[in-house]
Amino acid sequence: MPVTYRIPGAPSLAVDLAGHGPFALFMHGIGGNRSNWRAQLPAFAPHFACAAWDARGYGGSEDYEGALAFDDFVDDVLRVLDHFGVERAHLVGLSMGGRIAMRTALRHPDRIATLTLLDTHEGFEAFTPAQRQAFVDSRRAPLLAGKEPADIADAVARSLVGPKATPAQLQQLVDSIAALHKGSYIKSLQATVDQVVLGDISLIAAPAHFVVGADDRLTPPAMHHEMAAKMGGAPVSVLPDAGHLSNIENAEAFNQAAIEWLTPRASMGSTPGHWPI
């Protein structure tokens with residue numbers, strides 16, 4: 001069973017940790033929380049020290065004052081690594097979490113061993129202005145008009161999952177969206193769209209593995225093949241029967257593909273130096 005740790009600082013962060021070995025940090029998407037990785041931690045724990053965080057303003061992590069800059073998430077990644085005494089980590093990021101992972105690898109290449117990037121994109125320049133506006137409006141406009149995350153959870157979840165998603169998988173996503181901190185979620189929406197470009201991903205030195213659901217409509221497989229080509233022909237695993245939440249919708253296929261790629265590269269990462277209470 002994972003143990004939940006509190007990473008001190010402003011804001012403090014909640015992190016679930018399971019297993020021992022090279023350190024892998026799992027980062028959820030913009031509508032998620034650390035529970036989105038509950039099918040991954042048990043599978044990865046025999047090979048890695050697996051940490052699943054709640055990003056600032058999500059889940060059990062604290063909210064914060066002022067606006068959000070996207071690089072605040074990057075600084076938080078370093079706080080987590082430093083807290084556990086990790087020099088180089090394997091980053092596993094879904095959607096927004098994948099963008100955080102790539103940005104961290106660009107800013108701090110010495111701290112990142114590998115990247116496993118799920119259902120993600122390299123920046124909102126990949127979308128037309130109309131698509132960007134639609135993305136924000138479908139989520140932010142109802143909240144600014146007085147609705148709560150629970151009011152939009154079902155519609156947003158249905159727009160993300162693939163046609164083969166089970167009722168339980170859909171409900172897991174609905175629950176994570178309904179649990180969003182309204183104010184912090186609005187800040188995340190603004191920050192993620194404001195940072196149109198992450199940077200030149202061809203400069204990322206860490207080995208990368210892209211994973212995408214075959215039925216992902218938001219960030220489709222073609223987008224991942226384009227990113228992979230920029231990153232030296234990185235491998236792309238396209239998972240059947242999965243939409244934008246491929247690790248939830250086809251957990252077995254994701255776990256197999258990710259572990260098979262990551263395990264031979266495990267020695268590139270650091271084992272945590274200590275286990276703080």
Side-chain angles (χ1 to χ4, degrees), residues 5 7-13 15-28 34 37 40 44-45 47-56 61 68-118 120-123 191-192 195 197-211 224 227-236 258-259 261-276:
Y5 292 87
I7 310 302
S12 68
L13 305 174
V15 175
D16 282 351
L17 189 62
H20 292 276
F23 191 84
L25 177 61
F26 292 73
M27 298 182 289
H28 59 78
R34 69 187 193 273
W37 301 106
Q40 276 67 61
F44 282 75
H47 313 279
F48 297 91
C50 307
W53 82 352
D54 283 331
R56 59 169 57 208
S61 294
L68 172 70
F70 194 80
D71 280 351
D72 291 340
F73 290 131
V74 175
D75 295 339
D76 290 340
V77 171
L78 297 192
R79 277 205 289 146
V80 172
L81 303 191
D82 290 346
H83 185 73
F84 290 113
V86 173
E87 295 178 4
R88 300 178 75 230
H90 302 278
L91 299 186
V92 183
L94 167 67
S95 196
M96 182 183 78
R99 294 179 64 227
I100 296 169
M102 287 186 280
R103 182 68 176 165
T104 306
L106 283 168
R107 285 190 57 202
H108 304 282
D110 57 316
R111 304 298 301 272
I112 306 307
T114 68
L115 301 173
T116 301
L117 305 166
L118 298 71
T120 191
H121 60 94
E122 60 182 298
T192 197
Q195 188 177 49
V197 182
L198 282 179
D200 185 353
I201 64 171
S202 70
L203 299 177
I204 293 176
H209 176 206
F210 288 91
V211 184
H224 291 73
M227 290 185 289
K230 293 179 182 179
M231 295 176 64
V236 180
I259 291 172
W261 181 83
L262 195 53
T263 300
R265 297 164 177 83
S267 62
M268 300 172 66
S270 300
T271 299
H274 55 280
W275 300 92

Taking atom [atom1] of [X] and atom [atom2] of [Y], what is their separation to the nearest 0.5 Å?
X: Asp54; Y: Arg34; atom1: CG; atom2: CZ; result: 4.5 Å
X: Thr271; Y: Glu87; atom1: OG1; atom2: CD; result: 10.0 Å
X: Leu68; Y: Phe73; atom1: CG; atom2: CZ; result: 4.5 Å
X: Thr116; Y: Trp261; atom1: OG1; atom2: CH2; result: 5.0 Å
X: Leu81; Y: Ile112; atom1: CG; atom2: CD1; result: 6.0 Å
X: Ile201; Y: His121; atom1: CD1; atom2: NE2; result: 11.5 Å

Taking all non-hydrogen atoms of both residues into account, name the closest pair between [X] and [Y] and its distance.
X: Cys50; Y: Ala45; value: SG-N, 3.6 Å
X: His90; Y: Thr114; value: ND1-OG1, 2.7 Å
X: Ala228; Y: Val236; value: CB-CG2, 3.5 Å
X: Ala206; Y: Ala113; value: CB-O, 3.7 Å
X: Val86; Y: Pro272; value: CG2-CA, 3.9 Å
X: Leu115; Y: Ala105; value: CD1-CB, 3.9 Å

- Regarding Arg103 and the six-membered ring of Phe70, is the cationic atom NZ or CZ under 6.0 Å from the ring centre and inside 45° of its axis? no
Student check: side-chain heavy atoms of [X] and [Y] closer than 4.5 Å:
X: Tyr5; Y: Phe84; answer: yes
X: His83; Y: Pro8; answer: yes
X: Leu91; Y: Met27; answer: yes
X: Val74; Y: His108; answer: yes
X: Leu106; Y: Ile204; answer: yes
X: Phe48; Y: Leu262; answer: yes
X: Val92; Y: Gln40; answer: no

- Item | Check: Leu94 main-chain N/O paired with His28 side-chain donor or acceptor under 3.5 Å | no
- Is a side-chain N or O of Arg88 found less than 3.5 angstrom from the main chain of Phe23, in a donor-acceptor match? no
- Message: Quick one, Ser61 with Trp53, criterion side-chain contact (heavy atoms from CB on, under 4.5 Å). Give me CA distance, side-chain angles, the key distance, then yes/no.
- Response: CA-CA 8 Å; Ser61 294; Trp53 82 352; over 6 Å; no
- Are any of the side-chain nitrogens in Asp82 or Arg79 under 4.0 Å away from the carboxylate oxygens of its partner?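 Salt bridge absent between Asp82 and Arg79.
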- Residue pair Asp75, Arg107: steps toward the salt bridge (Lys or Arg N to Asp or Glu O under 4.0 Å) verdict: CA-CA 10 Å; Asp75 295 339; Arg107 285 190 57 202; 3.4 Å; yes
- Would Thr120 and Met102 count as a side-chain contact (heavy atoms from CB on, under 4.5 Å) if you check the C-alpha gap in whole Å, the side-chain angles of each, and the deciding distance to 0.1 Å? CA-CA 10 Å; Thr120 191; Met102 287 186 280; 4.1 Å; yes
